[in-house]
Amino acid sequence: MNDDNHKLMGISLQTSTDRFAVCYSQVKAAQDHRHIDVSPYLQPNDTTRLRLNSKKTKKTLLLMIKNKIRLSLFAAISTTLFSTASMAHSGVELTSQDWQVACDNTRTCRLAGYQAENNSEFPISVLLTRRAGANASVDGKVKIGGAKESSSKALMKLGNRHRISLFINDKDYGETQPFSATAGSAELTKTQVTALLEALTKSSNIELVLRNSRWQLSDKGASAVMLKADEAQGRVGTSSAFIDHASAVKPNSGVLAPKAAPTLRFVAPKPNAAVNDKKQFVMKSSQLAALMKGTIKDVDDDCPNLSDKSPWRVSRLNSSKLIAQHDCWTSAYNTGAGAWVINDTKPYNPTLVTTNATDYDKGIVTSVQKGRGIGDCLTKTDWIWTGKSFEKSHQSSTGLCRMIEAGGAWQLPTYVTEVKTSK
């Protein structure tokens, strides 16, 4: 393992280290998954003390951009050797340079790597998926994009005559499985996955080749996210670890087992349900705004448009409960609406679902937000109606903003559930 990777492991293991060189200038604003661009305020060689999930850090950054437009979501802190991790619903996320990992609440980990950020002419991404458990294997897929995307995919659709070949340090590791037009990707062979995993732990030249076109996969940041995946699945020090598996000192019997996804029961709303007192729900907009304000910790930040003149949208969920919606905020290319469940009579007891909703349809509240204006990366969260409340059923991103394809390269969930429908 090279010196850089030894440093990466050192950072992961030494909790006393608290100073890092900031080399990527976007900081995540926790809680609502929107992000604040602080690049105008940082110099290339600045150093700063960072505390994970620090309210003080968030407030300081908000003051920096006071009176400026809301900016996009989704880029994380990235440093020279290390990038922060976050936990949500037992999920794990880490972005380090050109690689990222997302482990969901079942302990399945997905690692996605990309071309170097300054190589946008030949976008490419590889997805490595490893489930929890001592005997779990690793599956790999490759997806290409960019100006040559159409011609390359057309060639791959011809079948066995044209496939992507993997080269590592100029050694040919053969062709991938046939391209899947449905999935938009090609599966790597077991031999290719094994070779790729070994190459990513050290400095390597990794290329995916199709005829005269060559896409270069970056190895920068890979060791950090591989180590984070090992930690999330309890594999550090075992022979099934990505990192340093040859020096295993622990048995695989200690590797964490898969966790079952929570089960939710979806209940279809009944907009025409009979109402006990047969009175229509009536409330002024100002009264609704005042009622909902108490459910939001920071109205100025999370729902500055709560009291404006845009209309409220109220729909019946059942004979006693309603969903009320109102526009909360607008940025250059994203919007967010508030969604609340309330009783149709006193006491109204409003309960906030989210201030980032972009859609509501037949019992499902959805938030889809772009990472940047061209929409090559998204985050998505769903909440479903269970008869009493809206429960989060899904949370994911589509990977880094690297021009792979519209909407993003992959589905990288951090929270999944098994949804059953009540009849």
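Numbers here simply count residues along the sequence, with the first being 1. Any value given below was found using the heavy atoms of this structure, including those in side chains, with hydrogens, waters and symmetry copies removed.
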Spell out, as yes or no, whether a donor-acceptor pair under 3.5 Å connects the side chain of [X] to the backbone of [Y].
{"X": "Ser125", "Y": "Gly113", "value": "yes"}
{"X": "Asn343", "Y": "Pro347", "value": "yes"}
{"X": "Gln100", "Y": "Leu400", "value": "yes"}
{"X": "Lys220", "Y": "Gln97", "value": "no"}
{"X": "Thr358", "Y": "Val368", "value": "yes"}
{"X": "Asn105", "Y": "Val416", "value": "yes"}
{"X": "Ser204", "Y": "Ile206", "value": "no"}
{"X": "Asp230", "Y": "Phe242", "value": "yes"}
{"X": "Gln115", "Y": "Arg402", "value": "yes"}
{"X": "Asn318", "Y": "Lys321", "value": "yes"}

Might you work through the side chain to side chain contact (heavy atoms under 4.5 Å, CB included) test for Thr194 and Glu198, ending with a clear yes or no?
CA-CA 6 Å; Thr194 300; Glu198 180 63 26; 6.0 Å; no
Any idea which heavy atoms bring [X] and [Y] closest together, and the distance?
{"X": "Gln411", "Y": "Ser396", "value": "OE1-OG, 3.4 Å"}
{"X": "Arg313", "Y": "Ala337", "value": "NH2-CB, 3.8 Å"}
{"X": "Ser422", "Y": "Val267", "value": "OG-CG2, 4.1 Å"}
{"X": "Lys392", "Y": "Leu264", "value": "O-CD1, 3.4 Å"}
{"X": "Ala136", "Y": "Arg235", "value": "CB-NH2, 3.7 Å"}
{"X": "Ser319", "Y": "Asp344", "value": "O-OD2, 3.3 Å"}

Would you mind reporting whether [Y] and [X] have side-chain heavy atoms less than 4.5 Å apart?
{"X": "Thr263", "Y": "Lys420", "answer": "yes"}
{"X": "His245", "Y": "Ser240", "answer": "no"}
{"X": "Lys380", "Y": "Thr366", "answer": "yes"}
{"X": "Trp215", "Y": "Leu210", "answer": "yes"}
{"X": "Asp382", "Y": "Tyr415", "answer": "no"}
{"X": "Ile364", "Y": "Phe266", "answer": "yes"}
{"X": "Thr381", "Y": "Thr354", "answer": "no"}
{"X": "Ile323", "Y": "Ser315", "answer": "yes"}

[atom1]/[X] to [atom2]/[Y] distance, rounded to the nearest 0.5 angstrom?
{"X": "Ile296", "Y": "Cys328", "atom1": "CD1", "atom2": "SG", "result": "5.0 Å"}
{"X": "Cys377", "Y": "Arg372", "atom1": "SG", "atom2": "CZ", "result": "6.0 Å"}
{"X": "Thr295", "Y": "Leu306", "atom1": "OG1", "atom2": "CG", "result": "8.0 Å"}
{"X": "Leu378", "Y": "Lys370", "atom1": "CG", "atom2": "NZ", "result": "8.0 Å"}
{"X": "Ile342", "Y": "Met283", "atom1": "CD1", "atom2": "CE", "result": "6.0 Å"}
{"X": "Thr335", "Y": "Trp329", "atom1": "OG1", "atom2": "CH2", "result": "6.5 Å"}

Aromatic plane relationship, His326 with Trp312 - under 30° parallel, 30 to 60° tilted, over 60° perpendicular
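Aromatic pair Trp312/His326 classed tilted.
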Full working for side chain to side chain contact (heavy atoms under 4.5 Å, CB included) between Met226 and Trp99:
CA-CA 9 Å; Met226 293 167 82; Trp99 278 80; over 6 Å; no
Side chain to side chain donor-acceptor pair (under 3.5 Å) for Ser367 and Asn356? Distances and angles first, verdict last.
CA-CA 6 Å; Ser367 173; Asn356 297 326; 5.2 Å; no
Decide side chain to side chain contact (heavy atoms under 4.5 Å, CB included) for Leu128 and Leu197; before the verdict, give the C-alpha distance in whole Å, the side-chain angles of both, and the deciding distance to 0.1 Å.
CA-CA 9 Å; Leu128 301 172; Leu197 291 174; 3.7 Å; yes
Testing Leu200, Val126, Val225 for side-chain contact (heavy atoms from CB on, under 4.5 Å) with Leu111, which one passes?
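Passing option: Val225.
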Test of understanding: with side-chain contact (heavy atoms from CB on, under 4.5 Å), list the residues that count as partners of Ala260, not counting sequence neighbours.
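In terms of side-chain contact (heavy atoms from CB on, under 4.5 Å), with neighbours along the sequence ignored, Ala260 is linked to no residue.
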Does a salt bridge link Lys141 with Asp139, judged by any charged N lying under 4.0 Å from a carboxylate O?
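Here Lys141 does not pair with Asp139 in a salt bridge, since their nearest N and O are not under 4.0 Å apart.
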Step by step, would you call Glu391 with Ser389 a side chain to side chain contact (heavy atoms under 4.5 Å, CB included)?
CA-CA 6 Å; Glu391 299 287 343; Ser389 63; 3.0 Å; yes
Trp385: ring-ring contact (aromatic ring centres under 6.0 Å, His included) partners, not counting sequence neighbours
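Counting only residues at least two positions away or on another chain, Trp385 forms a ring-ring contact (aromatic ring centres under 6.0 Å, His included) with Phe390.
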Testing Lys259, Arg131, Arg130, Arg110 for salt bridge (Lys or Arg N to Asp or Glu O under 4.0 Å) with Asp104, which one passes?
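With Asp104 as partner, salt bridge (Lys or Arg N to Asp or Glu O under 4.0 Å) holds for just one option, Arg110.
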